[in-house]
Trainee: 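Below you'll find the structure I mean.
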Amino acid sequence: MATIVDIKEEKALEVKNFEFTYAGADEPNIKKLTMPIAKHNITALIGPSGCGKTTLLRSFNRMHDLYPANRYSGEIIFKDRNILTKNEDLIKLRTQIGMIFQKPTAFPMSIFDNVAYGLRLQGVKNKTELQGRVKKALQDAAIWQEVKDRLGHDANGLSGGQQQRLCIARAIAVEPEVLLFDEPTSALDPISTAGIEELIVGLKERVSIIIVTHNMQQAARVSDYTGFMYLGELVELGRTEELFVTPKERLTEEYITGKFG
Amino acid sequence: MTHTQKRVITSSIVMALSTLSAVIGIGFLLWILSILIINGVDALSTTIFLEEGAPPGNENGGLKHALIGQLMLVGYASVFGVPLGILAGTYLSEYGLKSKLSEIIRDISDIMMSAPSIVIGAFVYAIVVAPSGQFSGWAGSIALMIIMLPIILRTTDDMLQLVPSTLREAAFALGAPKYKVIIQVVYRGAKAGILTGVLLGVARVAGETAPLLFTSFNDNFLNTDMSQPMASLTVTMYNYATSPYEDWQKLGWAAAFILSMFILTLNVLGRLFLLKRKGK
Amino acid sequence: MNSLIDKVFANTTKLIAISVLLLVAWIFGVLFEHSLKSIEAFGFSFLTETKWAPNLEKFGALPAIYGSVVSTFLAMILAVPIAIGVAIFLSEIAHAKIKTPIGVSIELLAAIPSVIYGMWGLFYFVPIIRDIFGGVGISMLTAGVVLSIMILPFMAAVTRDAMNTTPDILKESAYALGGTKWDIIKDIIIPYAKAGIIGSFILALGRAIGETMAVTFVMGNVHKISTDLTQPATSIPVTLANEFAEADTELYFSSLFELSLLLLIISFTIISIAKFYFLRRKRIGQ
């Protein structure tokens with residue numbers, strides 16, 4: 001059984017006995033996993049490739065439902081309900097739990113329209129309101145100064161780091177309660193990476209954050225809690241400063257000291 | 001109704017309409033296919049393969065003349081078109097990969113692949129039929145060869161480019177001259193792909209009718225002399241189908257069925273070769 | 001010895017490759033040369049004259065041009081929405097289990113010779129048009145419908161391919177913001193794949209306008225301009241298919257060659273627009 005630290009804070013999400021099997025696979029990719037996620041904290045998920053960390057992350061906003069025949073069981077509790085049920089309103093869920101991907105995904109439209117996209121989907125039509133909320137989101141994503149004079153330009157003209165901040169602005173514009181980051185800096189240079197990390201840390205006052213990363217230093221720099229996953233199971237969840245210094249599980253220790261991975 | 005509800009409903013409606021149009025489109029195509037199969041199978045008999053054309057009303061009419069004519073027309077077109085296309089494609093990929101000349105040849109070939117085939121018929125009429133004073137099998141084969149050439153050229157070009165350059169380098173490192181590297185290593189590496197291109201090229205011209213109408217013309221009897229007008233399945237199909245005679249129309253469906261099966265087989269084979277290539 | 005063979009091999013391939021270009025130039029040249037008599041006799045009025053009367057040696061191409069444009073236009077109007085529907089169905093709706101078989105079948109149907117679509121049109125579709133609209137059933141409308149069905153598989157397959165170029169991660173990003181399928185199609189896929197989709201349509205248009213056999217059976221080869229779509233009509237390829245082997249005077253031949261040249265130029269232009277403007281092939285090394 002996994003060693004799971006006692007979480008004092010309120011919980012944003014709770015995974016209970018979650019099992020996930022990809023379409024066509026015999027073996028589950030995630031096995032009977034239980035894990036709490038603290039509210040207004042940053043939880044990092046680390047582990048070798050194939051350990052199931054991205055699969056788990058994509059379960060929080062039911063991304064797997066876009067593809068047929070994936071099977072899952074167990075519960076993920078969010079706002080006092082299990083979000084894995086059939087009648088879960090996925091559209092609403094996805095506005096409450098936002099996601100940032102491993103590559104910047106600027107939509108083929110202007111910078112303004114990118115950030116306004118989620119708002120418009122929710123029916124915000126008022127121009128002044130849109131402008132205000134887009135500006136706020138861009139400011140919060142620390143990119144307003146760079147783009148304020150070219151909001152009408154194609155978003156694909158921005159650099160990779162700028163695009164990723166634009167995607168963060170787009171995600172926070174709809175004011176989600178949880179943000180999922182799937183290796184958000186893996187396609188970026190070190191300077192852009194530092195900027196994004198700083199931004200992520202600044203966001204936790206408003207949202208609960210889960211970040212999947214293959215970079216242990218990154219997990220150590222940004223997160224409050226770290227979960228180490230191996231072969232579809234959670235091995236250890238601890239406060240980040242403790243997990244990296246005094247891991248409770250031998251497997252965790254071997255991984256963070258680079259014995260495998 | 002909230003905005004989101006509206007979006008959900010709009011989406012369901014559009015998805016239903018898309019599915020409906022898919023059903024309509026696929027339905028029409030299935031209709032044509034089933035008609036082809038029903039009429040074709042109904043008209044098939046051994047006589048068709050053993051007998052030549054006969055006057056309308058004669059029970060013993062067959063398609064032997066058109067089958068043999070078709071094979072000769074496509075065969076000669078391939079005998080010349082395939083090697084020429086492969087060699088030209090070889091130049092593009094192996095010698096002039098990034099040159100301006102190669103780019104122009106690629107562009108023009110791409111356009112020619114979609115150009116109206118009847119115009120090729122008019123061209124061959126002007127350079128072969130008119131000077132020689134008669135329709136001929138050769139004229140038909142030349143027209144088909146011209147249509148086939150850009151297809152083979154472009155697939156060869158594409159397929160050779162997929163051969164990893166390390167393979168070429170390894171062969172060069174052993175001191176092999178370039179032509180040997182190409183023939184013994186590059187061609188071998190791209191074998192399945194080239195074969196696919198050839199099959200698709202042959203399949204494409206085998207179904208051509210328009211460029212044969214005034215080149216190889218037609219003949220209701222067996223003729224194997226390429227300097228004479230020659231029957232083909234496609235032109236026979238056209239003539240028989242537009243005739244007022246029921247037995248001729250029936251033979252037309254038989255010809256359509258045989259030709260379609262031939263072309264579909266070539267296409268399926270081509271795909272299988274390509275799959276095998278990918279599987280490796 | 002090896003270096004000699006090397007040179008011969010290299011130059012042979014080069015010569016053949018270049019001869020492909022020369023061949024195309026030759027085609028244009030020969031068609032132009034054979035059109036000269038007609039060009040001299042009619043000049044520009046060849047394109048605007050409505051009378052096509054071989055017995056009077058009067059040749060005006062307008063009815064054929066009109067027929068080509070209208071039948072192709074009809075075919076496009078009918079085929080484009082259905083092709084988009086099929087493409088959306090194949091790329092976004094269909095379950096993986098039926099996606100591949102249906103997709104492959106559609107690609108195979110695109111390989112069925114057009115003469116078979118024409119035959120189907122003559123025997124099965126002409127009677128329907130006759131029953132509904134009266135007359136002989138051989139008409140501009142019939143030609144447009146048969147043409148639309150003939151280009152549908154090609155158009156649907158290339159439209160689907162264009163739509164499939166949209167990266168999954170981009171679509172997922174929009175779903176992650178709470179988008180519906182249709183939101184993703186209209187806001188992400190269509191803007192992203194716009195060039196490819198339009199290019200596919202134009203390419204299909206280029207093919208349709210030069211298509212001969214699917215329409216020859218059902219159009220009637222009547223050189224008359226009529227706004228009534230249920231009347232027989234003709235198009236450039238239909239005229240060529242019906243009259244080339246029967247032409248008996250030099251001017252008649254020359255007029256047919258001018259029609260061929262015209263068709264080649266029109267097709268070349270349309271296909272070039274599709275290829276160079278919308279479907280720019282990635283240059284090697286890029």
Side-chain angles (χ1 to χ4, degrees), chain B residues 7-8 10-11 14-15 17-19 21-22 24-26 28-29 32 35-36 84 87-88 90-92 95 97-98 104-105 108-112 114-116 118-119 122-123 125-127 146 149 153 177-179 203 207 209-210 213-214 217 234 237-238 241-242 252 256 259-260 263-264 267, chain C residues 2-3 5-6 9-10 12-14 16-17 20-21 23-24 27 30-31 34 81-82 85-86 88-89 93 102 108-109 111-113 115-117 119-120 122 124 149 152-153 156 180-183 203 206-207 210 212-213 217 237 240-241 244-245 257 260 263-264 267-268 271-272 275 284-285:
Chain B
R7 280 195 297 127
V8 172
T10 313
S11 184
V14 176
M15 292 309 119
L17 286 177
S18 296
T19 311
S21 59
I24 294 175
I26 294 162
F28 260 101
L29 297 170
I32 296 176
I35 278 168
L36 175 66
L84 289 176
L87 286 172
T90 305
Y91 174 77
L92 299 191
Y95 293 97
L97 187 56
K98 292 180 190 177
I104 296 173
I105 295 174
I108 295 289
S109 304
D110 280 348
I111 297 175
M112 286 311 286
S114 294
I118 193 156
V119 170
F123 166 70
Y125 183 93
I127 60 158
I146 294 173
L149 202 55
L153 177 154
K178 187 157 185 170
Y179 79 95
T209 315
L213 287 173
F214 33 89
F217 200 62
T234 51
M237 202 187 301
Y238 175 55
T242 48
L259 185 67
S260 300
I263 288 171
L264 287 182
N267 271 281
Chain C
N2 268 337
S3 71
I5 300 177
D6 238 5
F9 188 77
T12 309
T13 62
K14 186 170 185 175
I16 298 168
V20 173
L21 280 190
L23 176 66
V24 175
I27 293 173
V30 164
L31 293 180
H34 284 72
I82 301 216
V86 175
I88 289 179
F89 179 77
I93 302 176
I102 294 186
L108 287 178
L109 278 162
I112 295 262
V115 61
I116 286 164
Y117 288 90
M119 249 172 106
W120 166 82
L122 178 64
Y124 293 86
I149 295 169
L152 181 64
T180 61
K181 266 200 169 118
W182 173 236
D183 291 327
L203 198 57
R207 287 197 169 192
T212 310
M213 298 321 288
F217 286 92
L240 293 174
F244 216 104
F257 275 112
S260 311
L263 182 61
L264 185 61
S267 306
F268 232 79
I271 299 162
S272 306
K275 290 273 179 199
I284 295 142

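The chains referred to below are lettered A, B, ... by the order of the sequence lines, with proteins before strands, and numbering in each begins at 1.
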Trainee: Who among B/T234, B/T209, B/I111 has the most heavy-atom pairs with chain C under 4.5 Å?
Mentor: B/I111
Trainee: Using heavy-atom distances under 4.5 Å, tell me whether C/I93 contacts chain B through its side chain, its backbone, both, or neither.
Mentor: side chain
Trainee: So, for C/P113 and B/I263, which heavy atoms are closest and what is the spacing to 0.1 Å?
Mentor: CG-CD1, 3.4 Å
Trainee: Side chain, backbone, both or neither: which part of C/I5 has an atom under 4.5 Å from a heavy atom of chain B?
Mentor: both
Trainee: At a 4.5 Å cut-off on heavy atoms, which part of B/V14 comes close to chain C: side chain, backbone, both, or neither?
Mentor: side chain
Trainee: Does the side chain of C/F217 come within less than 4.5 Å of B/T242's, by heavy atoms?
Mentor: yes
Trainee: Do you know which of B/A115, B/A126, B/G207, B/A203 has the most heavy-atom pairs with chain C at a distance under 4.5 angstrom?
Mentor: B/A126
Trainee: Donor-acceptor check, side chain of B/N267 to backbone of C/L108, threshold 3.5 angstrom: yes or no?
Mentor: no
Trainee: Between C/I82 and B/S21, what is the shortest heavy-atom contact and its length?
Mentor: CG2-O, 3.5 Å
Trainee: Tell me the closest heavy-atom pair linking B/R7 and C/T180, and the distance in Å.
Mentor: NH1-N, 3.8 Å
Trainee: Do the non-hydrogen side-chain atoms of C/I27 and B/M112 ever get within less than 4.5 Å of each other?
Mentor: yes
Trainee: Tell me, side chain or backbone of C/L122 under 4.5 Å from chain B's heavy atoms, or both, or neither?
Mentor: side chain
Trainee: Using non-hydrogen atoms only, which part of C/L109 is less than 4.5 Å away from chain B: side chain, backbone, both, or neither?
Mentor: side chain
Trainee: Quick one: CD1 on C/I116 to CG on B/L259, what's the gap to the nearest 0.5 Å?
Mentor: 5.5 Å
Trainee: Students often mix this up, so state it plainly: with edges at 30° and 60°, are the rings of C/F9 and B/Y95 parallel, tilted or perpendicular?
Mentor: tilted
Trainee: Counting only heavy atoms closer than 4.5 Å, note whether B/I32 contacts chain C via side chain, backbone, both or neither.
Mentor: both
Trainee: If you look at every heavy atom in B/S114 and C/I271, which pair is closest and at what distance?
Mentor: O-CD1, 3.4 Å
Trainee: Give, as side chain, backbone, both or neither, the part of C/L21 having an atom under 4.5 angstrom from any heavy atom of chain B.
Mentor: side chain
Trainee: Where does B/I26 contact chain C at under 4.5 Å (heavy atoms): side chain, backbone, both or neither?
Mentor: side chain
Trainee: Tell me the closest heavy-atom pair linking B/Y91 and C/A10, and the distance in Å.
Mentor: CD1-O, 4.4 Å
Trainee: What part of C/M119 lies closer than 4.5 angstrom to a heavy atom of chain B: side chain, backbone, both or neither?
Mentor: both
Trainee: By a 4.5 Å heavy-atom criterion (distance strictly below it), what part of B/L84 contacts chain C: side chain, backbone, both, or neither?
Mentor: both
Trainee: Based on non-hydrogen pairs under 4.5 Å, which of B/S18, B/A22, B/S109, B/G25 is most in contact with chain C?
Mentor: B/S18
Trainee: Just so I understand: if I count every heavy-atom pair under 4.5 Å between each of C/H34, C/R207, C/K14 and chain B, which residue has the most?
Mentor: C/K14
Trainee: B/L92 and C/T13: side chain to side chain contact (heavy atoms under 4.5 Å, CB included), yes or no, with the steps?
Mentor: CA-CA 9 Å; B/L92 299 191; C/T13 62; over 6 Å; no
Trainee: Which of parallel (below 30°), tilted (30 to 60°) and perpendicular (above 60°) describes C/F257 and B/Y125?
Mentor: tilted
Trainee: Measure the spacing between CH2 of C/W182 and CE of B/M15 and express it to the nearest 0.5 Å.
Mentor: 6.5 Å
Trainee: State, yes or no, whether a side-chain contact exists between C/Y117 and B/L29 at a heavy-atom distance under 4.5 Å.
Mentor: yes
Trainee: Just so I know, are the side chains of C/V86 and B/I24 near enough to count as touching, which here means a heavy-atom distance under 4.5 Å?
Mentor: no
Trainee: How long is the straight-line distance from OH of C/Y124 back to CD1 of B/I35, given to the nearest 0.5 Å?
Mentor: 5.0 Å
Trainee: Measure the CZ-CG distance between B/F123 and C/L23 for me, rounded to the nearest 0.5 Å.
Mentor: 5.5 Å
Trainee: Roughly how far, to the nearest 0.5 Å, is OG of C/S272 from CG of B/D110?
Mentor: 10.5 Å
Trainee: How many angstroms lie between atom OG of B/S11 and atom NZ of C/K181, to the nearest 0.5 angstrom?
Mentor: 7.5 Å
